[in-house]
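See below for the structure under consideration.
Please read these numbers as outputs of a predicted model, since none were measured by experiment. Below, chain A is the first sequence line, B the second, and so on; all start at residue 1.
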2 protein chains.
Amino acid sequence: MNIANHLLTHDIKPSYQRIKIFEYLYSEMNHPTVDVIYKNLVDNIPTLSKTTVYNTLKLFVDKGITSTVTIEDNEVRYDAIVDNHGHFKCDDCGHIYDIEIDFSSLLYNELENFKIDETHIHLKGKCNKCLTK
Amino acid sequence: MNIANHLLTHDIKPSYQRIKIFEYLYSEMNHPTVDVIYKNLVDNIPTLSKTTVYNTLKLFVDKGITSTVTIEDNEVRYDAIVDNHGHFKCDDCGHIYDIEIDFSSLLYNELENFKIDETHIHLKGKCNKCLTK
DNA sequence: ATTCATTTTATATTAATTATAAAATTGTAA
DNA sequence: TTACAATTTTATAATTAATATAAAATGAAT
């Protein structure tokens with residue numbers, strides 16, 4: 001994918017930092033925190049500041065090309081996938097898996113006449129790799 | 001419900017502060033933050049400290065009589081209901097509704113051979129009251 | 001009453017995030 | 001090219017939730 005174009009089509013000027021941050025999100029798919037993103041990019045962009053990472057991710061979320069993942073309560077993670085899906089976090093290795101979820105099977109009879117904008121699902125446990133090692 | 005007994009049966013010594021904190025959680029059912037709990041109790045317990053609220057809730061969660069609700073990323077909320085259920089937060093009034101969810105309808109084919117310990121579901125949108133006012 | 005364990009409290013610290021304003025960069029029109 | 005304006009990035013300070021630590025208070029048992 002052409003990242004500069006992707007940003008442009010979402011009304012975001014493709015600055016060097018923005019391209020690199022999105023590139024990291026998109027290629028790693030590791031649901032990184034701000035800190036992880038910063039530490040991974042600062043070697044190649046020595047002038048990078050954490051504020052830029054915060055600003056950029058906020059912009060990405062506002063423009064709809066990034067979503068946030070809140071599993072633990074002391075850190076926000078970011079995801080280049082924005083269409084509805086769930087997450088599984090392994091308590092052992094800490095890895096966060098994207099999982100497909102058929103949201104249509106979920107019916108909330110108590111929410112009649114409610115307007116549902118977002119549905120967040122995340123699970124915790126142990127992944128197959130950690131269970132067999 | 002007899003709160004002192006409830007605490008005792010879960011291996012928690014029923015101190016005055018602990019009883020009052022659980023009583024607040026259980027009677028209000030408002031998914032309060034630590035700050036909200038503290039502010040509501042400090043008038044009647046002038047010596048109460050926030051550290052006690054933190055400690056007590058951590059104890060309650062460890063002993064399984066309270067669960068945490070993480071919807072926004074900058075605040076943890078607490079819930080006296082511990083069996084599996086979901087939450088709906090209204091973006092307008094901020095109220096958090098408990099909702100019953102049939103978790104059995106959710107199948108995760110990607111998680112074969114994974115061990116699932118917890119499932120968290122929360123929704124956002126506008127509640128019926130806010131939609132009609 | 002004395003001792004020991006538990007609970008509560010005050011204080012300091014940590015760490016994620018936000019606010020603010022200056023510096024750097026980019027784009028554009030003369 | 002130069003000058004100017006707008007945008008983006010950066011450094012610094014401030015805020016805030018949560019944790020760590022140790023002293024003070026409480027409670028139970030002898």
Side-chain angles (χ1 to χ4, degrees), chain A residues 3-4 6-8 10-24 31-63 65-79 94 96, chain B residues 3-4 7-8 10-25 31-63 65-79 94 96:
Chain A
I3 292 177
H6 184 59
L7 300 184
L8 275 171
H10 290 83
D11 200 25
I12 299 169
K13 283 197 185 169
S15 75
Y16 184 72
Q17 286 85 340
R18 288 170 179 175
I19 288 173
K20 287 301 177 186
I21 290 171
F22 193 83
E23 187 176 80
Y24 181 80
H31 311 90
T33 60
V34 162
D35 205 56
V36 167
I37 297 170
Y38 174 78
K39 287 195 171 121
N40 272 278
L41 294 182
V42 75
D43 289 338
N44 291 316
I45 317 171
T47 65
L48 185 67
S49 89
K50 241 182 213 181
T51 308
T52 299
V53 181
Y54 276 106
N55 291 343
T56 302
L57 290 168
K58 186 173 171 17
L59 180 69
F60 286 176
V61 172
D62 286 350
K63 298 296 187 182
I65 62 167
T66 297
S67 63
T68 60
V69 183
T70 306
I71 296 178
E72 306 303 335
D73 38 80
N74 60 334
E75 54 180 26
V76 180
R77 295 170 175 278
Y78 294 88
D79 193 340
I96 295 172
Chain B
I3 292 178
L7 299 185
L8 275 171
H10 288 84
D11 198 28
I12 298 169
K13 282 198 185 171
S15 75
Y16 184 71
Q17 286 87 339
R18 288 170 178 176
I19 289 172
K20 287 302 176 185
I21 290 171
F22 193 83
E23 186 175 81
Y24 180 80
L25 273 183
H31 310 88
T33 60
V34 162
D35 205 57
V36 166
I37 297 170
Y38 174 78
K39 286 193 170 120
N40 272 278
L41 294 182
V42 74
D43 290 338
N44 291 317
I45 316 171
T47 64
L48 185 66
S49 88
K50 240 182 214 181
T51 308
T52 299
V53 183
Y54 276 107
N55 291 342
T56 302
L57 291 169
K58 185 172 171 22
L59 180 70
F60 286 177
V61 172
D62 285 350
K63 298 296 188 183
I65 63 168
T66 297
S67 63
T68 59
V69 183
T70 306
I71 296 178
E72 307 301 337
D73 38 80
N74 59 334
E75 54 181 28
V76 180
R77 295 169 174 279
Y78 294 88
D79 193 342
I96 294 172

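By the side-chain hydrogen bond (donor to acceptor under 3.5 Å, both in side chains) test, A:Tyr38 is found to be paired with no residue, residues two or more places apart in sequence or in another chain being considered. Among residues two or more places apart in sequence or in another chain, the side-chain contact (heavy atoms from CB on, under 4.5 Å) test is passed with A:Leu59 by A:Ile12, A:Arg18, A:Lys63. Residues that satisfy the side-chain hydrogen bond (donor to acceptor under 3.5 Å, both in side chains) test with B:Asp79, not counting sequence neighbours, are B:His31, B:His85, B:His87. Listed by chain and residue number, B:Tyr24, B:Val36 satisfy the side-chain contact (heavy atoms from CB on, under 4.5 Å) test with B:Asn40 (two or more places apart in sequence, or in another chain). Applying the salt bridge (Lys or Arg N to Asp or Glu O under 4.0 Å) criterion to B:Glu23, with sequence neighbours excluded, gives B:Lys20. Evaluation of the ring pair (Phe, Tyr, Trp, His ring centres under 6.0 Å) rule for A:Phe60 yields A:Phe22 as partners, not counting sequence neighbours. Residues forming a salt bridge (Lys or Arg N to Asp or Glu O under 4.0 Å) with B:Lys39 (at least two apart in sequence, or on another chain): B:Asp35. Residues satisfying the salt bridge (Lys or Arg N to Asp or Glu O under 4.0 Å) criterion with A:Arg77, sequence neighbours excluded, are A:Glu75.
The side chain to side chain contact (heavy atoms under 4.5 Å, CB included) test with B:Tyr78 is passed by exactly one of B:Val69, B:Val34, B:Val53, B:Ile21: B:Val34.
A straight line from NZ of A:Lys63 to C1' of D:dT7 spans 13 Å, rounded to a whole angstrom. In this entry the distance linking OH of A:Tyr54 with P of D:dT12 reads 17 Å, nearest Å. A straight line from CG of B:Asp73 to C1' of D:dA18 spans 15 Å, rounded to a whole angstrom. For A:Leu59 and D:dT7, the CG to C1' distance is 12 Å, given to the nearest whole Å. Between B:Glu75 atom CD and C:dA16 atom P the separation is 18 Å, expressed in whole Å. For the pair B:Ile71 CD1 and D:dA17 P, the computed distance is 17 Å after rounding to whole Å. Atom-to-atom, CD of B:Glu72 to C1' of D:dA17 comes out at 15 Å; the value is rounded to the nearest Å. In this structure, NZ of B:Lys20 is placed 19 Å from P of C:dT7, rounded to the nearest angstrom.
Contacts between residues 32-40 of chain A and DNA chain D, counted as heavy-atom distances below 4.0 Å, involve no residue at all.
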Going 5' to 3' through nucleotides 8-15 of chain C and flagging B where a protein heavy-atom sits under 4.0 Å of the base, S where only the sugar-phosphate is that close, and - otherwise, we get SBBB----

Once base and sugar-phosphate atoms are separated, protein heavy atoms under 4.0 Å mark nucleotides 22-30 of chain D, 5' to 3', with B, S and - as ---------

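Sorted by first and then second residue, the salt bridge (charged side-chain N to carboxylate O under 4.0 Å, His left out) pairs with a member in residues 53-62 of chain A read A:Lys58-A:Asp62; sequence neighbours excluded.
The nearest pair of heavy atoms linking A:Ile37 to A:Pro32 is CG1-CG, 3.5 Å.
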